[in-house]
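Just so it is clear, the values below take in all heavy atoms, side chains as well, and ignore hydrogens, waters and symmetry mates. Keep in mind the model is a prediction, meaning the values are calculated, not measured.
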Amino acid sequence: MADTYDYDLIVIGSGPGGYVAAIRAAQLGLKTACAEGRETLGGTCLNVGCIPSKALLHSSQLYEEAHSGALTKFGIDLSGVALNLDQMHAEKAKAVKELTGGIEFLFKKNKVDWLKGYATFEGPNAINVAGKSVTAKNIIIATGSSVTPLPGVEVDNDAGVIVDSTGALALPKVPQHLVVIGGGVIGLELGSVWRRLGAKVTVVEYLDQILPGMDEEIRRESAKIFKKQGFDIRTGTKVTGATVANGKATLTVEPAKGGEASTIEADAVLVSIGRRPNTEGLGLDKVGLATNKQGQVETDHDFRTKVPSIWAIGDVIPGPMLAHKAEDEGIAAAENIAGQTGIVNHDVIPSVVYTYPEIAGVGLSEEQAKEKGHDIKVGKFPFMANSRAKTNRDTDGFVKVIADAKNDRVLGVWIISSLAGTLIAEATLAMEFGATSEDIAYTCHAHPTHAEAIKEAAMAVQGKPIHI
Ligand code: FAD
Ligand code: NAI
């Protein structure tokens, strides 16, 4: 228990990293507080990230299915389907409220104190929140990240023309033409929402391919599917400026490698070129901490910074900016602070793009595996040959299993499928347990399920799938 300090642990930030760390620390008997400046707990993820975006992805998918006539072939004739966007936003807000309120309940249940306000360091064991000094034996920085600005393209969420992800989650009407700057996860997810609701969506991506960091084959196939859905994807293109007049934006674009400039008119523009760590105003200088070139706080394997009483987790430290990565780091850091051994296996962190179909991966891409010097074997299986996907008329995508040719250890699994986000859990578990492709191939999978495609892709590593 805290003696000379007010708390054993103060966590700064209540996102999935911070709130999970606080709860685990309290479970382990530490007197814990969490400082949060937002009006509700849950951070980016619950308030303006994962949760509201998934709510709109779900409802817009239902709308498109009902409205587009896609259900007619199943004998479901729907006429007069109409969009009530205000209700769609209201249902999203309800989900957010329930979940953020849920964290407040969990804090009370676990006796975690919520220090309301933005924290600034006063020293290695002290912060100031809302003018009050509070001390702790250990402090975790879990301040998360914010949108990376694009010079020359000024975001104004209130005006609603050039917006960031927060603005794009709350557009009051469907834009006729939405231009998304950045063909990454946010651009494709939120671009999907507004395309399904009726917008023409143009994606301007600086690189030659969308979805950087993913397996090349997956990136190519995804682009093909998105184009088929009506996305206008302009890769190798950069936005150099924007003007807004009469509620419309004019963007100046040019080829990324140089060339003639042209303009694109849009009713709404989403700036989604990445996120950057939140350290401004935190007073890191007061405790002798500096950020690295990417603006991140560096830690050791245990999530401790070079100041022994200060730890850091989540989007503010290096690694993928993902809620589940932040959560696992929160648990590990709390366990380490409590004297236990908290570990995160950063080699096995799944990532999912919640478009339709979903795109998911865990471990190495084919390119990364080769770069790392692995001699590899690849097995692939298309959903076109999976009986459940065929029955559901849901055959886009494939599973790709990458295994080490010498010892058959699975190095990476990539999936495009309506259920990829759920299916990737099997691959993640297999990799965490050090599975070989043969282990997956000889595991009984229920029939008929999409999961059988993972088994078949694993069988394909040995060149012996049954159904193709
Ligand atoms: P955050 O969630 O950013 O929380 C940090 C909190 O700290 C904030 O509430 C902030 O107010 C608070 N804070 C900052 N500074 C201070 C201070 N000085 N004092 C007190 N409080 C402070 N990830 C996924 O895994 N799956 C998804 O589906 C997904 N969807 C996303 C959709 C969108 C539109 C966005 C923007 C992000 C999405 N992400 C998703 C990413 C995910 O939200 C982040 O990776 C995750 O929230 C990081 O958690 P965190 O705890 O590190 O920080
Ligand atoms: P991102 O890094 O995924 O994509 C940004 C894209 O913008 C890249 O393709 C990049 O090449 C491109 N880009 C950069 N500068 C550009 C420019 N000037 N012009 C045109 N294109 C440019 O970042 P995004 O989509 O903003 O998401 C931020 C983070 O949030 C991601 O790291 C992601 O991990 C997380 N997130 C995760 C989700 C999920 O797990 N489903 C959903 C949404 C966000």
Less than 4.0 angstrom from a charged side-chain N to a carboxylate O is my criterion; do [X] and [Y] meet it?
X    : Y    : value
E205 : R234 : no
D164 : R275 : no
E217 : K400 : yes
K455 : E452 : no

Testing the 3.5 Å rule here: is there a donor-acceptor pair between the side chains of [X] and [Y]?
X    : Y    : value
D6   : T135 : yes
N47  : T40  : yes
N157 : T166 : no
H58  : E91  : no

Can you sort out the partners of [X] under side-chain hydrogen bond (donor to acceptor under 3.5 Å, both in side chains), two or more places apart, ordered by chain and number?
X    : answer
T202 : H177
H467 : E456
K377 : none

*In terms of ring plane angle, is the pair F226 and F231 parallel, tilted or perpendicular, where the classes change at 30° and 60°?*
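Answer is perpendicular, since the angle exceeds 60°.
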Extract all donor-acceptor atom pairs below 3.5 Å that involve side chains of residues 309-323 and protein atoms in other chains or at least two apart in sequence.
from	atom 1	to	atom 2	distance (Å)
S309	OG	P124	O	2.7
W311	NE1	N138	OD1	2.9
D315	OD2	S145	OG	2.7

*asked:* The criterion is salt bridge (Lys or Arg N to Asp or Glu O under 4.0 Å); which residues satisfy it with E189, sequence neighbours excluded?
replied: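 E189: salt bridge (Lys or Arg N to Asp or Glu O under 4.0 Å) contacts with K54.
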*asked:* List the residues meeting side-chain contact (heavy atoms from CB on, under 4.5 Å) with K406, not counting sequence neighbours, and say none if there are none.
replied: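 Result, side-chain contact (heavy atoms from CB on, under 4.5 Å) vs K406: D375, D404.
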*How long is the gap from CZ on R24 to CG on L30, to the nearest 0.5 Å?*
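CG of L30 is found 11.5 Å from CZ of R24.
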